[in-house]
Amino acid sequence: MRNTQKDDEYYMRLALKLALKAKGKTSPNPLVGALVVKNSRIVGCGFHARAGLAHAEINALDEAGKKAKGASLYVTLEPCAHTGRTAPCVNRIIESGIKEVVVGMIDPNPLNNGKGIALLRQHNIKVRHGVLADGSARINESFIKYITTRLPFITVKVAESLDGRIATYTGDSKWITSDKSRAFAHKIRNDYDAVMVGVNTVLRDNPRLNAWFSGKQPVKIIMDSNLSTPENANIFSKDSRVIIITLPSRPGQETENRKRLLEKAKIIEVKERSGQINLRDALKRIARLQITSILVEGGGTLIGSLFDEGLVDKVLFFISPKIIGGKDAISSVMGKGVRRADQAIKLRGVKFRRFGEELLVEAGVK
């Protein structure tokens, strides 16, 4: 006898693996994988490769061809019933003769959110949903945050000593972690739409913020309230798209440096909060550019402020077994912090990974 639940989970796991083939390439769309199964055989498979291209279901149905009639479609995310950059997927599913659709996760996009499933059922197509929904949600955490809140998903990445320092009291920070850890950190950049740093990091470290192992370079974002970023900073490499977030200029403040920076970067003026950049307003403005995920790489002041405002979704802490010490050494998380220990920010789903003697702590923020 066929075990429906077991079969559903087996095929959905394969669909999730297909979806991950496009990791870091589909923004602002989600990662989606799909399989067409007939008589316990996979006759079509597909995944969404990039925004604007065919959705996973369409690719799977194209591969299945006439074999799709009477078959089952497994898809990690509810098929769309609205017109975006492409036509609604449900129309093609209905036309194909698919007899049942097994869905991982209901689409959180308010434009769809249950409408795709309802339309399929109206056309007498059986639908089961919630199969490995956690898996689909996990690979689409950035999309879910962006589409439901219109804010980008924020991951903080830190390379620190065992005592929580990212630089010595002189500002020296090269290199706290090993080549192996840094290489992995560069690969992580490929998974995000943008990399963000504070202007102090630009002034102190002069980073390029490139992704070494990818043809696709993330957008580079600098938080710079006074527009003090040097025009010759390494961050302005020829293949880079740079955004500088700053405070509104006052009449007569059109400096020569500002004019030169306008030739190299998009400058966005945001609201002020206590004399500083209003981070929530800044992230809203960034999200309007369809930037759905940001990897924040420093410094301690920016990271601390993001934690203070409750804007961090995930952390990646690379910890090296070194002691830097010194009350004036730079901490990885500054800002105001919490008043009492029982108010400390708690993490969930904590994972550990070794890089030689170093440790990566990866976790979500509760």
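We're numbering straight along the sequence, starting at 1. Predicted model only: the values in this text are computed from it and were never measured.
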Exercise. With sequence neighbours excluded, what pairs up with K99 under the salt bridge (charged side-chain N to carboxylate O under 4.0 Å, His left out) test?
Worked result: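 For K99, no residue satisfies salt bridge (charged side-chain N to carboxylate O under 4.0 Å, His left out) once neighbours in sequence are set aside.
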Exercise. When you look at D179 and R182, which way does the salt bridge (Lys or Arg N to Asp or Glu O under 4.0 Å) test go after all the steps?
Worked result: CA-CA 5 Å; D179 290 346; R182 292 198 304 277; 2.2 Å; yes
Exercise. Does E362 pair with K351 as a salt bridge, N-O distance under 4.0 Å?
Worked result: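 Judged by the 4.0 Å cut-off on N to carboxylate O distance, E362 and K351 do not form a salt bridge.
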Enclosure of [X] [atom1] (heavy-atom neighbours >12, cutoff 6.0 Å):
| X | atom1 | answer |
| --- | --- | --- |
| E272 | CD | yes |
| R285 | CZ | yes |
| R138 | CZ | no |
| K66 | NZ | no |
| K67 | NZ | no |
| R50 | CZ | no |
| K38 | NZ | yes |
| K25 | NZ | no |

Under 3.5 Å: donor-acceptor pair, side chain of [X], backbone of [Y]:
| X | Y | result |
| --- | --- | --- |
| Q290 | P28 | no |
| T246 | S225 | yes |
| N278 | R273 | no |

Under 3.5 Å, is there a donor-acceptor pair between the [X] and [Y] side chains?
| X | Y | result |
| --- | --- | --- |
| S161 | D163 | yes |
| S332 | R165 | no |
| D205 | S173 | yes |
| T177 | E358 | no |
| N190 | K23 | no |

Exercise. Relative to each other, are the rings of H48 and H55 parallel, tilted or perpendicular (30° and 60° limits)?
Worked result: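 Taking H55 first and then H48, their aromatic rings stand perpendicular (interplane angle over 60°).
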For this session: For salt bridge (Lys or Arg N to Asp or Glu O under 4.0 Å), just list the numbers for E269 and R258, CA-CA rounded to whole Å, side-chain angles, deciding distance to a tenth of an Å, and then say yes or no.
Result: CA-CA 12 Å; E269 296 182 347; R258 182 188 182 92; 2.5 Å; yes
How far does [atom1] of [X] sit from [atom2] of [Y], to the nearest 0.5 angstrom?
| X | Y | atom1 | atom2 | value |
| --- | --- | --- | --- | --- |
| L16 | I139 | CG | CD1 | 5.0 Å |
| L119 | C89 | CG | SG | 12.0 Å |
| D308 | I303 | CG | CD1 | 12.0 Å |

Exercise. Should I106 and V101 be regarded as members of a common hydrophobic cluster, given that ILVMFWY residues are connected when their side-chain heavy atoms come within less than 4.5 Å of each other, either directly or indirectly?
Worked result: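 In one cluster with I106: V101, yes.
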Problem set entry | Hydrophobic cluster membership, L302 vs F318, 4.5 Å side-chain cutoff |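 No, L302 and F318 fall in different hydrophobic clusters.
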Exercise. Run the salt bridge (Lys or Arg N to Asp or Glu O under 4.0 Å) check on R92 and E57 step by step: do they pass?
Worked result: CA-CA 9 Å; R92 177 67 184 281; E57 305 95 310; over 6 Å; no
